[in-house]
Asker: 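Structure provided below as C-alpha cells; questions to follow.
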Number of protein chains: 2
Amino acid sequence: MQSMNLEWYRIFLYTARSGSLTKAAQQLHITQPSVSYSIKQLEDTLGAKLFDRLSKGVSLTREGQSLYDYVEQSFAILDAGEKRLQSLQRLTAGELRIGASGPVIRHMLLPSLDRFHAAYPDVRIRLTQGKTAEISGKLQEGSLDLGMVHLPLADPELAVRPLFSIQDCFVVGEAYRKLAQAGRPVAAIRLTKLPLLLLSPGSSTRRFVEGWLQTQGVAAEADIELGSMDMLVEMARRGYGAAFVTRAFVRRELAGGQLFELPLAEPIPPRMIGVASRKAASLPLAAERFMTMLAEAAISE
Amino acid sequence: MQSMNLEWYRIFLYTARSGSLTKAAQQLHITQPSVSYSIKQLEDTLGAKLFDRLSKGVSLTREGQSLYDYVEQSFAILDAGEKRLQSLQRLTAGELRIGASGPVIRHMLLPSLDRFHAAYPDVRIRLTQGKTAEISGKLQEGSLDLGMVHLPLADPELAVRPLFSIQDCFVVGEAYRKLAQAGRPVAAIRLTKLPLLLLSPGSSTRRFVEGWLQTQGVAAEADIELGSMDMLVEMARRGYGAAFVTRAFVRRELAGGQLFELPLAEPIPPRMIGVASRKAASLPLAAERFMTMLAEAAISE
DNA sequence: TGCATGATATAAATCCTCTCTATGGCAACA
DNA sequence: TGTTGCCATAGAGAGGATTTATATCATGCA
C-alpha cells in the first residue's frame, strides 16, 4: 500500500460532500462498491481512518475533516486552471503580442487587427512598434508572439511567412512636378541630382533603397533623413526633394495631385512583408488565429 | 477521450519542471513512453497542446504554462494536507478537548494529562471544567472529545468506560473530633444533628449524597452549601460541621490530623468515575491515546 | 420479535487502462 | 554520414479498478 492514485481524492471529495458512499457513486457514475474500495485504498495508503461508517451514511473523522479542507481547496484550484485553459482555447481570454513598423501597422496590420478584435474582444492586444531588427530581437527573446517584418529575414530561429507585396517609389511635390510629368523615365544617376529624402539609417527601407541605388551604380546620399514616413511625405510635398516611400502609403496624395511619382528608367523591385514567429515555441492560439486572418487579408488583396 | 485521470497531472507537473519526458520518467520511476502516453492523454482530454516537443526536451506552450501555475499550487496544497494528516497521525499536531469537574481534574485527570503532555507536547490541550451534565452536553454537541463523568450516565448517544472508583465520606474538624474517635459508628439519623456541609445543588455529588441519605430514611438538609470541595474542606476544618467529600480528596488532611472521618453505621457505597465520548464519531487519535493512558493509570491504582 | 428498508462491506470475475519492451523517426553535432 | 539524445508509436501484457452478486448491520415499524 504505497502507490498513490489521485483519483481516490476525487472520490473522497464527493463522498465527504454527500456524506454517503452511495450518493457519491451516483454522482461519479460508478458503483457503490467501487467507491467503498477507493476510500479504503486511500485510508490504507494514508494510514488514517477518514470516515466513520454510520448506519445512515458516513461522516468525516477529525482527521478526515482536516484532510478535506485541503483537498477541497486543491481541487478548486485545479478546476480554476482547467476553466482558464478552456477560456484560452475559446479565445475568451489570453493575449496577442504583435510587433510591426509604423507604416506596416497602419496599412497592413490594422485592418486585420480590427477584425480580430471584433471577433475576440476578450483577447488583450499588445502592439509594439519597432524596426524589423528590433521586432526580430523581441521575437527571439519571446516577448512577442508575431512580428511583421520586411523580407528577406535571415534568422534561423524564426519562421517567416510572406504575406504582402509592397512597391516603393520616389515622389516629389509641386516644385518638381515637371520632372515627374515630362514623359521620360528618370535614370538612377539623375536621381542623385535631386535632394533625396530618406528614412533614417538602420531601417530596412533605408538599407533597401541604398542597396538598390548601388546596383544602379549610384552612391546614395541622403539630404534629409527622417524617422517616419509621414514626415518624409510632408517634406516632399513642400518641395524639399524626392522622397523614397511605399506607394500604398501615398496613394491618397498621388490621387489628389499633391504628390507626383517619378517614372524610373529601371523599376524598383517589389519588396515583401511577412509575418515571423519563433520556430521553437508553438504559437498561442490567439496568434495562430490572427495569422490566419492576416493570410486571408493578404490573399484577398 | 473524456474520463480524467488525475495522475496525469502529476506526470504533467514533473515533466514541466524537468523540461524532459525522460527525466520526468526517471523521477517518477516509470518509463519514458509511459510519460509520453500520459501527457498525450492529458492533452487530448483537455483539448489543448501543453508542450512543444523540441529536439532537446519539451517546453510548455503558453496554454501549458497557464495550466502549470494552477497545477503547481493545487499539488502544493494537497501535499500540505497530507503532511498535516501525518502530523495528526504522529500526534505532532492536533488537539485534545477534554472536560471534567474540578476535583476530578485535580485527582484523576492531571496525572495522566501530565504524562500525555510530556509525551506529545505539540498536541494542544483544551480543558473544560464543568458538572457532569454540562460535560455530557458538550460531548453530544461535539465540542468535547472526552469527558470524565460520574457514573452511571444514562445517555444513549454517549459511550462510557468506567475507570476509577471513589469513596465518599463525612469529615469533621477538631471541634467534632470526639464524635469521630468515639469508637462507635455514627448512624445516618445522627448525622442530621450535625451541621451538614454539602456541595451546591446541581452537582452529581450533591444528588448522590441526597439519594444515599434518603435510602437511610433521612431528609438531607444542607446547612452550608458551597461550589467547590476546597471550600467545604476548609469550613469543616474550622469546625462548621461535617462535610461530604471524596476521601482521596482529603487524604493529606486525614493523615495530618486536621480532619477526621466519621465512622458510619451504614457504609456509603463507592461511586465510579468514567470517561465518556460520543458514540457516533470515532475518537481523534489524540483522544484515543489519552484514553489509553487514563485506563493504564486506573489499573495501576 | 420479525420483517422491510437502506446503508456499507466483501468476494470473485471481468474488463480496461496503464505500463513495459522494442523500435522508429528526427534534430543536433562532430 | 554516423552518432547521440530526444520523443513517438506499436503491440503485448499485467495489474488494478470496476462490476455483479451477496453478506452484514442498524433502524424503524407493525
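Within every chain, numbering begins at 1; the chains are lettered A, B, ... in the order of the sequence lines, protein sequences first and strands thereafter. Note: hydrogens, waters and symmetry copies are ignored here, and every other heavy atom, side chains too, is used.
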Asker: For nucleotides 15-21 of chain D, just jot down a letter per nucleotide in 5' to 3' order: B, S or -, based on protein non-hydrogen atoms under 4.0 Å.
Answerer: --BBBBB
Asker: For the helix from C:dT1-D:dA30 to C:dA30-D:dT1, measure the angle between the helix axis at one end and the axis at the other, each built from five pairs, rounding to 10°.
Answerer: 20°
Asker: Please state whether the phosphate of C:dT8, meaning OP1 or OP2, lies under 4.0 angstrom from any side-chain nitrogen or oxygen of A:Thr22.
Answerer: yes
Asker: In whole angstrom, give the distance that lies between atom CG of A:Asp44 and atom C1' of C:dA9.
Answerer: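 Atom CG in A:Asp44 sits about 13 Å away from atom C1' in C:dA9.
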Asker: Taking atom types as modelled and ignoring hydrogens, do the side chains of A:Gln73 and A:Asp69 form a donor-acceptor contact shorter than 3.5 angstrom?
Answerer: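 Distance-only check fails for A:Gln73 and A:Asp69.
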Asker: To the nearest Å, give me how far apart CZ (B:Phe51) and C1' (D:dA8) are.
Answerer: 15 Å
Asker: Looking only at heavy atoms, what is the nearest atom pair of A:Ser112 and A:Met293, with distance?
Answerer: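 Looking at all heavy atoms of both residues, the closest pair is OG-O, 3.9 Å.
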Asker: Tell me the interatomic distance from B:Glu7, atom CD, to C:dT17, atom C1', rounded to whole angstroms.
Answerer: 13 Å
Asker: Can I get a per-line list of side-chain donor-acceptor pairs under 3.5 Å for residues 272-282 of chain B, giving both atom names and the distance, sequence neighbours left out?
Answerer:
| residue | atom | partner | partner atom | Å |
| --- | --- | --- | --- | --- |
| B:Lys279 | NZ | B:Pro156 | O | 2.9 |
| B:Ser282 | OG | A:Asp52 | OD1 | 2.7 |
| B:Ser282 | OG | A:Asp52 | OD2 | 3.3 |

Asker: What is the distance from NZ of B:Lys49 to C1' of D:dA8, rounded to the nearest Å?
Answerer: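 Between C1' of D:dA8 and NZ of B:Lys49: 14 Å.
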Asker: Looking only at side-chain N and O atoms, does A:Ser36 come under 4.0 Å of OP1 or OP2 in C:dA9?
Answerer: yes
Asker: Rounding to an integer number of Å, can you tell me how far A:Asp52 CG sits from D:dA26 P?
Answerer: 14 Å
Asker: Rounded to the Å, how far apart are B:Lys40 NZ and C:dT17 C1'?
Answerer: 16 Å
Asker: Compare side-chain N and O positions of B:Ser20 against OP1 and OP2 of D:dC7 and report whether any pair is under 4.0 Å apart.
Answerer: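 Yes, B:Ser20 has a side-chain N/O under 4.0 Å of OP1/OP2 on D:dC7.
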Asker: What residues form a ring-ring contact (aromatic ring centres under 6.0 Å, His included) with A:Phe116, not counting sequence neighbours?
Answerer: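 ring-ring contact (aromatic ring centres under 6.0 Å, His included) check on A:Phe116 returns A:Tyr120, A:Phe290.
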Asker: More than 12 heavy atoms of other residues, nucleotides or ligands under 6.0 Å from NZ of A:Lys138: yes or no?
Answerer: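 No, because the 6.0 Å sphere around NZ of A:Lys138 holds 12 heavy atoms or fewer from other groups.
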Asker: Taking only residues two or more places apart in sequence, or in another chain, which ones meet A:Glu288 in a salt bridge (Lys or Arg N to Asp or Glu O under 4.0 Å)?
Answerer: none
Asker: For the residue pair A:Leu96 and A:Ala287, what are the closest heavy atoms and their distance?
Answerer: CD1-CA, 3.6 Å
Asker: Can you tell me the distance, in whole Å, between the CG atom of A:Leu21 and the C1' atom of D:dC25?
Answerer: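 Atom-to-atom, A:Leu21 to D:dC25, this comes out as 14 Å.
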Asker: Give a yes/no on whether any side-chain N or O of B:Arg53 is located under 4.0 angstrom from OP1 or OP2 of D:dA8.
Answerer: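 It does, given that an N or O in the side chain of B:Arg53 lies less than 4.0 Å from OP1 or OP2 of D:dA8.
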Asker: For the pair made of CE in B:Met4 and P in C:dC18, what is the distance, rounded to whole Å?
Answerer: 12 Å
Asker: Pairs in or reaching into residues 77-100 of chain B: which pass side-chain hydrogen bond (donor to acceptor under 3.5 Å, both in side chains), with residues at least two apart or in two chains?
Answerer: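 Residue pairs with at least one partner in residues 77-100 of chain B: A:Tyr9-B:Glu82, B:Ser87-B:Thr92, B:Glu95-B:Arg126, B:Arg97-B:Asp145.
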Asker: Any chance you could measure A:Thr128, atom OG1, to A:Ile105, atom CD1, to the nearest 0.5 Å?
Answerer: 8.0 Å
